[in-house]
Amino acid sequence: MAVMADGAAVPEEARPRPEAPPGRRENAGPAPARPARGLSRWARLRRDRSLLLMIAPAMLVLLVFAYLPMFGTISAFEYYDPIYGFFHSNWVGLKNFTDLMADPAFWHAFENTLVLSLVSLVLYFPIPVALALLLNTVISTKLRSFIQAVVYLPHFFSWVLVITVFNQMLGGAGLLNQFLRQHHMATWNIMSSGSAFKYLVTFESVWKEAGWGIIVFLAALAAIDPALYESAAVDGASRWRRMWHITLPGMRGMIVLMLVLRLGNALNVGFEQMLIQRQAVGAQHAEVLDTFAYFYGIGNGNFGYGAAAGLFKGIISLILIFAANKMAHKFGEDGLYRK
């Protein structure tokens, strides 16, 4: 036992311990647990059974409503007759596709779809991002919740109601033309104008869906560390610099992901929206791939022809989403999946 200068004994626990030599750890405690490797398939199923049970209903819905109907694409390669069914209809191979490639009406519908998708991508996609940034600057929580509730509301309206509202404002007897008549000015029925149709349907989509589209961007904004804003404010950064150097980089991954999804869904320009307004502006302006497959396939009883048009649209959409995801990887983002 060690003895102090005044003769008192030093307890064993209070003695300084010699420093361990480099490369040697003394009394370091139990080693950290390593991730389990080499687990059998049954062991992994038992370990993840709770998660598997949680996703089982969603997988069942996806199987029934998304994957089983894909079997119907076989009708694109046959002259489908509902009386004989898939297995006894006449097999025609690629004839439906060769007829489709030689049909000017199909290419006109494809051109209209691409134009509407491009206008929607340029005019519609930035608006939810801008709305999310504006809402993020509102300090009052109650006011922010009220604005969110107001901009979410049109998402729950049907397209019939949305187009009725627009007709009451921009139609021939709408508020705009009533105002023009009262002031002895020329009227303009925008709802039946073919030249303004692509901007009209984009504006309708913005009014209906932009508020709903800000949800994911608000979630991305909530994930940014507030300490970054506080540090930047202490360093004298203005509001615009904080948005440019903190907010936008924090949202970049989500913006790229939503852009990839938007490009993959580019050929879906709204079947109901086009169908309701097709008669007002004419098929020359409102015919898209979805309405083409409906009128030339189901309307004429040529189901194989309509299925070929739908399968063509699906293949182009798949190519677009893979190309957009590849581009996201080149910009250093994950996209839909990592490389």
Side-chain angles (χ1 to χ4, degrees), residues 109 112-138 142-218 258 261-262 265-295 299:
N112 279 345
T113 305
L114 289 181
V115 170
L116 289 173
S117 299
L118 182 62
V119 173
S120 175
L121 186 67
V122 173
L123 299 181
Y124 172 78
F125 183 77
I127 291 179
V129 180
L131 280 176
L133 291 173
L134 289 175
L135 275 178
N136 193 49
T137 60
V138 177
K142 291 183 179 179
L143 181 59
R144 187 188 307 174
S145 301
F146 175 74
I147 296 174
Q148 287 182 18
V150 170
V151 297
Y152 289 167
L153 189 59
H155 170 75
F156 301 99
F157 295 165
S158 67
W159 275 114
V160 176
L161 180 57
V162 171
I163 293 169
T164 302
V165 170
F166 272 78
N167 195 37
Q168 292 298 318
M169 293 189 298
L170 306 176
L175 296 176
L176 174 64
N177 283 315
Q178 289 180 19
F179 175 82
L180 294 176
R181 287 192 195 94
Q182 290 174 358
H183 294 79
H184 307 289
M185 300 172 68
T187 59
W188 184 26
N189 186 359
I190 300 176
M191 299 300 293
S192 61
S193 173
S195 59
F197 182 70
K198 51 182 174 291
Y199 304 107
L200 174 67
V201 294
T202 303
F203 189 38
E204 291 169 352
S205 300
V206 168
W207 187 74
K208 187 176 187 298
E209 301 292 348
W212 188 257
I214 67 174
I215 292 177
V216 291
F217 298 116
L218 288 176
M258 298 307 294
L261 292 175
R262 185 74 184 173
N265 205 31
L267 299 186
N268 291 325
V269 290
F271 172 72
E272 296 178 24
Q273 188 182 10
M274 299 299 154
L275 188 65
I276 295 171
Q277 301 181 95
R278 187 173 182 267
Q279 189 173 1
V281 297
Q284 181 182 1
H285 300 285
E287 191 78 285
V288 293
L289 287 179
D290 288 333
T291 55
F292 176 87
Y294 174 73
F295 285 105

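All values below were derived from every heavy atom in this structure, side-chain atoms included, with hydrogens, water molecules and symmetry-related copies excluded.
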Point to revise | Gap separating the CE atom of M169 from the CG atom of L176, nearest 0.5 angstrom | key: 10.0 Å
Review point. Between M274 and F197, is a side chain to side chain contact (heavy atoms under 4.5 Å, CB included) present by the stated rule, with each step listed?
Key: CA-CA 10 Å; M274 299 299 154; F197 182 70; 3.8 Å; yes
Exercise for review: Mind telling me whether F156 and W212 have parallel, tilted or perpendicular rings, with 30° and 60° as the class edges?
Suggested key: perpendicular
Review point. Is the OH atom of Y124 crowded by more than 12 outside heavy atoms at less than 6.0 Å?
Key: yes
Point to revise | Which atom of L180 lies closest to which atom of W188, heavy atoms considered | key: CD1-N, 4.3 Å
Review point. When rounded to the nearest 0.5 angstrom, what is the spacing between CG in L116 and CG in N112?
Key: 6.0 Å
Review point. Hey, does the side chain of T291 reach the backbone of E287 with a donor-acceptor pair shorter than 3.5 angstrom?
Key: no
Practice item. Look at atom OH of Y294 and say whether more than 12 heavy atoms of other residues, nucleotides or ligands are closer to it than 6.0 Å. Key: no
Practice item. May I ask you to test the F166-V201 pair for a side-chain heavy-atom distance under 4.5 Å? Key: no
Practice item. Return the minimal non-hydrogen interatomic distance between A280 and S192, and the atom names on each side. Key: O-CB, 3.7 Å
Study note, to complete from the structure: Rounding to 0.5 Å, atoms CG (L218) and CZ (R144) come to a distance of 8.0 Å
**Study point:** Pairwise distance OG(S195) to NE2(H285) - rounded to 0.5 angstrom
**Key:** 7.5 Å
**Study point:** Validation row: M191, I163 side chains within 4.5 angstrom (heavy atoms)
**Key:** yes
**Study point:** Contact check, side chains of I147 and L134, non-hydrogen atoms, under 4.5 Å
**Key:** no
Check your understanding: Between E209 and S205, is any side-chain donor less than 3.5 angstrom from a side-chain acceptor?
Key -> no
Check your understanding: What's the shortest heavy-atom distance between A109 and T113, and which atoms?
Key -> O-OG1, 2.7 Å
Check your understanding: Does S193 reach the main-chain N or O of N189 with its side chain, forming a donor-acceptor pair under 3.5 Å?
Key -> no
**Study point:** Nearest non-hydrogen partners of A196 and I190, listed with the distance
**Key:** CB-CG2, 4.4 Å
Practice item. Test side chain to side chain contact (heavy atoms under 4.5 Å, CB included) on L200 and V281 and set out the steps. Key: CA-CA 11 Å; L200 174 67; V281 297; 5.9 Å; no
Exercise for review: Grab the two heavy atoms, one from A210 and one from L131, that are nearest each other, plus how far apart they are.
Suggested key: CB-CD1, 4.1 Å
Review point. Does atom CD of Q178 have more than 12 heavy-atom neighbours, drawn from other residues, nucleotides or ligands, at distances under 6.0 Å?
Key: yes
Revision key, fill the gap. Taken to the nearest 0.5 Å, the spacing of I214 CD1 from L133 CG works out to 10.5 Å
Practice item. Return yes if some donor-acceptor pair links the side-chain N/O of T202 with the main-chain N/O of V119 below 3.5 Å, else return no. Key: no
Practice item. Can you measure from CZ (F179) to OG1 (T187) and round to the nearest 0.5 angstrom? Key: 13.5 Å
Check your understanding: Under 3.5 Å, is there a donor-acceptor pair between the side chain of K208 and the main chain of F157?
Key -> yes
Review point. Is L267 close to L114 at the side-chain level, that is, under 4.5 Å between some pair of heavy atoms?
Key: yes
Check your understanding: Got a sec: does the OH of Y152 have more than 12 other heavy atoms crowding it under 6.0 Å?
Key -> yes
**Study point:** Side chains of Q277 and E204 in contact at under 4.5 Å (non-hydrogen atoms)
**Key:** yes
Check your understanding: Given the rule in the side chain to side chain contact (heavy atoms under 4.5 Å, CB included) test, do R262 and M258 qualify, once you have shown the distances and angles that lead to the verdict?
Key -> CA-CA 6 Å; R262 185 74 184 173; M258 298 307 294; over 6 Å; no
Point to revise | Residues, nucleotides or ligands: over 12 heavy atoms within 6.0 Å of Y199 OH | key: no
Review point. Would you say D290's side chain and G270's backbone share a donor-acceptor pair under 3.5 angstrom?
Key: no
